[in-house]
Structure formats: C-alpha cells, structure tokens
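Keep in mind that this is a model prediction, so the values were computed, not measured.
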Amino acid sequence: MAVIDVIIPAYNEQQSIARVLAEIPAGLVREVVVVDNNSTDDTGAVAQAAGATVVREARTGYGFACLAGMAHCFARPVAEQADVIVFVDGDYSDYPEEMPRLVAPILRGEADLVIGSRALGQREAGSMLPQQIFGNWLATSLLRRLYGARFTDLGPFRAIRREALQRIGMQDQTYGWTVEMQLKAARLGLRSTEVPVRYRRRIGTSKVSGTVKGTLGAGYKILWTIFRYWRS
C-alpha cells in the first residue's frame, strides 16, 4: 500500500489549521507536516496539539515553507520515504476530504503529478478574486503555448510521486513555487493530470490576493518564472 505524507505551509493560520488537519481522511496519510513559516501567532502550537509534526522555517515565503517540508520528508532513510507527497494550504480554502480523489490517478499508476483544479471544480462565491482568475488563465495559457503543458489552474492542492518531486529539483522560495513544479514536470515529460476540486473562502486575509503588493508580487514572480525556464 502506498505511503502518503502531507505538507502544509502555514503562516499565521491558528484559526484554520486545526480544521484543515481534522478533515484529512483518517487512515490515508502517514504523517502530516505543518511548516510554521515564521508565524507571529500560535499556528505551530495549535498544529502540534492537533497531531501534526511541526517544522519551523524562519525565512518567510511559500517556497521556503514547502522546501522545508520536503527536507523533513526526505531526511528519512530512502526505504522509509513516502511514495506520494500531497501539498495543501493551511487556510481552510481547500477541502482536505477530497484527498483520496486527488491521489487516485497516482495510485492507479496513471500520473506522476495531479493538480487539484479549482477552475474545473466548484468555487464558493468570492473565494477567488478576479485578479486570481485572470492570473491563472494567463499563466496556464503561457504554460500551454511555451511548454505544451495543459493545465487549467496553478492550485496549491496537489499530489506528486516522491521520485518525481525529487527529479524536478524545486528551487523557488516564494510565489513561483506552483508554476515551477508544473513547467518542470512538462519539461521532464512527467505524466500530469488534473482533478476538479472545490474551493471556498479562506479563513482570515490572504497574504497574496488580499493586498495590492501581494497580488503584484505574485503575478510578477509567476510570469518571471515561466519565461526564465523557457529561455534556459
């Protein structure tokens, strides 16, 4: 039976993290790693009390948090490392109970990378702002044109075979994380697919789309990442 570990990057998510952890299907996952990304609240303590392994990453950035979670998972002896790693956000915008459907194509041997697509699924009104919807469309259109990668979303809820994740060699430390994984998967010829997932309004204020600075910064970094690897 495949071993599945989960990585949850979390920055100031004390109000939501316990709810996220509670909705991960019992018996599906071996270890849930919450990366406390330099939170100023009790995110780490709440996650630990809820049964998660807490890793602390003082360098603020979505990519930094994901890389720290990966380092924890890969620190195990090779024979004990997970077969599949799932990434999910800690703000309760994703539906962790949909994880079995997310990992199913990998467990069936049909895919190396599965993206939970909010574009194909049902979105609660207001869960994605117009700039997010447009940004996703633009980024996925560029991925298709430049890399031949057919995605509809850069959604954070995703699953990947551990060997594929190691082959990709993730590097981005901030907003370019998700698109880097998808474009590198395309360049390596990995089998990628999407499954529809639901999406709801997050608990608390978004650190990205909730501010002008965050929105512009994320948009710039995503586009920069797409063109950086295309030219290399």
Side-chain angles (χ1 to χ4, degrees), residues 1-10 20 24-25 28-37 52-55 57 59 61-90 94 96 98-117 139-140 143 147-151 153-195 197 221-222 225-226 228-229 232:
M1 185 174 179
V3 176
I4 301 171
D5 286 346
V6 175
I7 295 174
I8 306 177
V20 174
I24 294 175
L28 179 69
V29 172
R30 175 183 64 179
E31 182 179 31
V32 180
V33 181
V34 173
V35 183
D36 184 355
N37 193 203
T53 299
V54 176
V55 172
E57 172 53 75
R59 296 169 295 180
Y62 188 85
F64 274 128
C66 291
L67 289 168
M70 287 168 52
H72 172 84
C73 293
F74 296 160
R76 291 177 179 267
V78 175
E80 298 177 13
Q81 292 180 15
D83 301 298
V84 180
I85 294 180
V86 174
F87 294 88
V88 60
D89 276 356
D94 301 308
E98 295 184 333
M99 205 172 290
R101 185 148 52 92
L102 185 75
V103 301
I106 297 177
L107 300 185
R108 292 195 300 263
E110 299 171 357
D112 302 302
L113 170 65
V114 181
I115 304 299
S117 172
T140 54
L143 286 176
Y147 297 93
R150 297 191 173 276
F151 295 107
D153 196 5
L154 305 181
F157 193 22
R158 54 185 57 204
I160 185 168
R161 287 195 311 111
R162 184 254 306 165
E163 294 94 336
L165 183 57
Q166 291 173 320
R167 280 187 64 195
I168 283 175
M170 294 295 300
Q171 297 178 8
D172 194 85
Q173 300 165 347
T174 56
Y175 301 127
W177 171 270
T178 55
V179 74
E180 180 194 2
M181 184 182 294
Q182 288 165 251
L183 70 84
K184 283 187 172 179
R187 288 181 58 165
L188 289 170
L190 299 179
R191 299 167 300 167
S192 300
T193 191
E194 294 181 314
V195 297
V197 295
K221 185 60 182 294
I222 288 169
T225 302
I226 290 172
R228 170 196 174 193
Y229 286 102
S232 63

What closest approach, in Å, do [X] and [Y] show between heavy atoms, and which atom pair accounts for it?
X: Val103; Y: Ala159; result: CG1-CB, 3.9 Å
X: Ile7; Y: Gly69; result: CD1-C, 3.4 Å
X: Leu113; Y: Ala185; result: CD2-CB, 3.8 Å
X: Pro25; Y: Met99; result: CD-CB, 4.2 Å
X: Gly61; Y: Thr174; result: CA-CG2, 4.4 Å
X: Ala139; Y: Ile222; result: CB-CG2, 3.9 Å

Are any side-chain N or O atoms of [X] and backbone N or O atoms of [Y], one a donor and one an acceptor, separated by less than 3.5 Å?
X: Arg191; Y: Gly109; result: yes
X: Glu180; Y: Asp172; result: yes
X: Arg162; Y: Cys73; result: no
X: Asp89; Y: Phe157; result: no
X: Glu57; Y: Ala65; result: no
X: Lys184; Y: Met170; result: no
X: Gln173; Y: Leu67; result: no

Within 6.0 angstrom of Arg150 CZ, more than 12 heavy atoms from elsewhere: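 No.
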Measure the shortest side-chain to side-chain distance between [X] and [Y] over non-hydrogen atoms and say whether it is less than 4.5 angstrom.
X: Val197; Y: Asp153; result: no
X: Leu165; Y: Phe74; result: yes
X: Val195; Y: Val114; result: yes
X: Thr178; Y: Phe151; result: no
X: Val84; Y: Ile106; result: yes
X: Tyr175; Y: Thr225; result: no
X: Trp177; Y: Lys221; result: no

I'd like to know whether Arg167 forms a salt bridge (Lys or Arg N to Asp or Glu O under 4.0 Å) with Asp112, so could you lay out the CA-CA distance, the side-chain angles of the two residues, the decisive distance to 0.1 Å, and finally the verdict. CA-CA 11 Å; Arg167 280 187 64 195; Asp112 302 302; over 6 Å; no
Name the residue from Ile115, Asp94, Val86, Val88 that meets the side chain to side chain contact (heavy atoms under 4.5 Å, CB included) definition with Arg158.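 The option that passes is Ile115.
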Pick from Val6, Ile8, Val32: which one makes a side chain to side chain contact (heavy atoms under 4.5 Å, CB included) with Val20?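 Testing Val20 for a side chain to side chain contact (heavy atoms under 4.5 Å, CB included) against Val6, Ile8, Val32 leaves exactly one candidate, Ile8.
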Separation of [Y] [atom2] from [X] [atom1] (nearest 0.5 Å):
X: Ile85; Y: Glu31; atom1: CD1; atom2: CD; value: 10.0 Å
X: Leu154; Y: Ile226; atom1: CG; atom2: CD1; value: 7.0 Å
X: Leu107; Y: Arg161; atom1: CG; atom2: CZ; value: 11.5 Å
X: Ser192; Y: Ile160; atom1: OG; atom2: CD1; value: 7.5 Å

Do NZ/NE/NH1/NH2 and the carboxylate oxygens of Asp5 and Arg30 come within less than 4.0 Å?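 Salt bridge: yes.
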